Amino acid sequence: MEEKEAFRKKHLRGKSGPADSIRSNILVKYIAKELFLYFFVCFLFFFVVFFVNQILLLAETILRQRVPLPSVLKLIAYCLPAIIAQSAPFATLVGFLMCLGRMVTDNEILILRASGQRYSLILIPVLIMGILISIFSFVMNDYFLPLGTLNYNRMRTKIVQSNPAVQIESNSIKKMKGTSLVIGNAKDTEVDDLVILDKSSNEMRIIVAGKSNVEKSEAEGVLMELNMDDTLVFLISKNEKTNYDVVHADSMKLNMFESLINTNSQIVSPREMTSYDLYKSIQKLRKENELTKKQMNIYELEYHKKFSIPFGSIFFAILAFPLALVFGRKDGQTLGLIFGIIISVMYWAATILGQLFGLRGGYDGFWMMWGPNIFIGILGGFLYLRLRRK
């Protein structure tokens with residue numbers, strides 16, 4: 001009798017197992033589909049925000065200098081990988097919060113729980129989507145972003161060479177690799193007041209000119225020529241600042257070289273490298289031991305940034321799941337949008353502060369870049385464990 005009962009239970013389990021598996025697969029696909037839909041809509045939203053702030057304003061400035069439209073469109077295209085890589089993590093947070101919040105408000109989560117489904121069934125598609133979005137964002141950030149940056153710098157150099165007035169803007173300060181230009185009133189290629197601070201050599205040069213004219217140069221490696229009238233030059237020794245020379249000239253010509261804006265140079269910046277190339281460069285620089293700790297931290301900071309920002313989608317997914325179930329009982333979709341934008345702004349601010357502390361303060365690049373992600377992951381894990389206990 002006991003053997004028959006055991007056989008009957010085993011037979012029933014064998015019949016119900018596939019049915020449960022099918023139902024679980026359908027539910028996982030349904031949740032993943034909803035998550036992707038909300039993610040895509042939020043991705044378009046953040047893409048437009050970053051596009052307007054970072055691209056259209058730049059294009060407007062260049063178009064004002066009568067740069068050809070095809071060149072402007074190419075500059076915009078080269079900046080798209082950076083915008084896509086930045087938009088994906090924030091779209092993950094806001095989209096997942098809105099989607100799961102809507103499911104809680106519509107009692108879909110309650111129905112799943114009442115039918116005997118565990119929270120892990122909902123968590124699985126959330127994590128899968130977070131991982132897939134992170135991989136996509138990492139590819140854009142690690143391969144297409146360096147490629148776009150290199151092409152952007154080359155195109156920018158060609159634009160400046162063909163029209164040097166692009167670099168000239170009234171009442172502005174232009175910083176270019178050890179040289180700063182303080183520009184007064186400017187119209188087309190003419191500048192009324194110009195001050196140049198040059199720290200690129202052993203002597204610091206301060207050049208003051210009454211009127212200047214910016215011209216295109218035919219010489220190889222020269223970005224532009226500055227023909228200055230009524231010029232005053234101060235030469236100050238960096239070692240002995242009490243020693244200085246003063247030179248006055250009625251007219252003076254100054255060549256601005258391409259290396260000032262770090263384009264077409266043999267030195268590739270960390271942002272222009274893939275994670276693999278950057279890792280090899282860091283290992284090589286450590287062996288050579290020629291850079292200071294602060295300079296090395298610039299490379300290490302950029303290396304960790306290539307991973308921390310794209311894979312932030314996984315940490316946002318971990319946080320979005322329990323957070324949506326906590327506040328989503330009433331109008332979860334709207335609250336998800338509000339909370340998502342607030343957390344996104346805080347995360348963005350933390351990332352910028354981390355870069356500033358890492359570059360200027362010399363703090364460890366790993367903690368400056370991964371700190372916000374680790375905090376979000378711990379908070380999400382804590383809320384999930386608390387949710388399961390309830």
Side-chain angles (χ1 to χ4, degrees), residues 18-50 84-140 310-345 347 373 376-377 379-381 383-388 390:
D20 290 340
S21 177
I22 292 173
R23 284 196 295 270
S24 298
N25 290 335
I26 293 174
L27 291 173
V28 168
K29 290 179 180 179
Y30 167 72
I31 297 172
K33 180 182 176 181
E34 291 293 307
L35 289 172
F36 176 77
L37 177 63
Y38 277 84
F39 162 78
F40 183 73
V41 173
C42 292
F43 176 81
L44 293 179
F45 168 76
F46 281 104
F47 180 86
V48 171
V49 170
F50 286 119
I84 294 173
Q86 291 174 355
S87 302
F90 300 125
T92 302
L93 174 64
V94 178
F96 283 20
L97 282 174
M98 291 180 65
C99 177
L100 296 171
R102 196 272 306 167
M103 294 179 69
V104 174
T105 304
D106 294 345
N107 295 322
E108 293 185 17
I109 302 296
L110 180 62
I111 293 172
L112 290 175
R113 292 288 293 156
S115 63
Q117 302 295 340
R118 297 180 178 180
Y119 282 126
S120 58
L121 177 71
I122 310 170
L123 184 61
I124 288 173
V126 171
L127 291 179
I128 291 175
M129 289 297 298
I131 292 172
L132 292 177
I133 294 170
S134 294
I135 294 174
F136 166 76
S137 181
F138 175 74
V139 172
M140 295 299 299
F311 286 98
S313 296
I314 298 177
F315 295 91
F316 279 143
I318 295 173
L319 175 64
F321 173 67
L323 194 61
L325 268 61
V326 170
F327 68 75
R329 294 184 179 88
K330 186 177 181 180
D331 202 4
Q333 185 168 313
T334 303
L335 291 176
L337 174 63
I338 295 173
F339 287 164
I341 292 178
I342 292 174
I343 296 173
S344 297
V345 172
Y347 179 87
N373 288 348
I376 289 173
L379 179 61
L383 292 176
Y384 177 71
L385 292 176
R386 187 177 178 182
L387 192 67
R388 290 196 60 177
K390 290 183 178 181

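Every value quoted in this text rests on a predicted model; they were computed, and no experiment measured them.
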Could you grab the distance from atom [atom1] of [X] to atom [atom2] of [Y], nearest 0.5 Å is fine?
| X | Y | atom1 | atom2 | value |
| --- | --- | --- | --- | --- |
| Thr92 | Phe315 | OG1 | CZ | 13.0 Å |
| Met98 | Thr334 | CE | OG1 | 7.0 Å |
| Leu93 | Cys42 | CG | SG | 9.0 Å |
| Ser344 | Leu97 | OG | CG | 8.5 Å |
| Leu127 | Leu132 | CG | CG | 11.0 Å |
| Ile376 | Ile314 | CD1 | CD1 | 12.5 Å |

- Query: Between Gly101 and Ala324, which heavy-atom pair has the shortest distance, and what is it?
  - Reply: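 In this case the closest contact between Gly101 and Ala324 is N-CB, 3.8 Å.
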- Could you pull out the closest heavy-atom pair between Gln117 and Arg113, with the gap in Å?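 In terms of heavy atoms, the two residues are closest at O-NH1, 3.1 Å.
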- Message: Would the distance check show the side chain of Ser87 and the main-chain N or O of Ile84 forming a donor-acceptor pair, the cut-off being under 3.5 Å?
- Response: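 Not confirmed, Ser87 side chain does not pair with Ile84 backbone.
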Residue pair [X] / [Y], side-chain heavy-atom distance below 4.5 Å:
| X | Y | result |
| --- | --- | --- |
| Leu100 | Tyr38 | no |
| Leu121 | Val28 | yes |
| Ile31 | Met103 | yes |
| Phe40 | Leu44 | yes |
| Val49 | Phe90 | no |
| Tyr384 | Ile318 | no |

- Message: Working note: Val41 + Phe45, criterion side chain to side chain contact (heavy atoms under 4.5 Å, CB included); need CA distance, chi angles, decisive distance, verdict.
- Response: CA-CA 6 Å; Val41 173; Phe45 168 76; 6.0 Å; no
- Query: How would you list all residue pairs meeting side-chain hydrogen bond (donor to acceptor under 3.5 Å, both in side chains) that involve residues 118-140, not counting sequence neighbours?
  - Reply: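 For residues 118-140: none.
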- Pairs in or reaching into residues 101-112: which pass side-chain hydrogen bond (donor to acceptor under 3.5 Å, both in side chains), with residues at least two apart or in two chains?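 Every side-chain hydrogen bond (donor to acceptor under 3.5 Å, both in side chains) pair that includes a residue of residues 101-112, provided the two are not neighbours, is Tyr30-Glu108, Glu34-Arg102, Arg102-Asp106, Arg102-Glu108.
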- Message: Classify the ring geometry of Tyr347 against Phe316: parallel below 30°, tilted from 30° to 60°, perpendicular beyond 60°.
- Response: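 If you compare the ring of Tyr347 with that of Phe316, the planes turn out perpendicular.
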- Test side chain to side chain contact (heavy atoms under 4.5 Å, CB included) applied to Ile133 and Phe311, Phe39, Phe43, the passing residue: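 So the option named by the test is Phe39.
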- Item | Residue among Leu323, Ile338, Val94, Leu379 satisfying side chain to side chain contact (heavy atoms under 4.5 Å, CB included) with Ile343 |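 Running side chain to side chain contact (heavy atoms under 4.5 Å, CB included) over Leu323, Ile338, Val94, Leu379 with Ile343 returns exactly one hit, Leu323.
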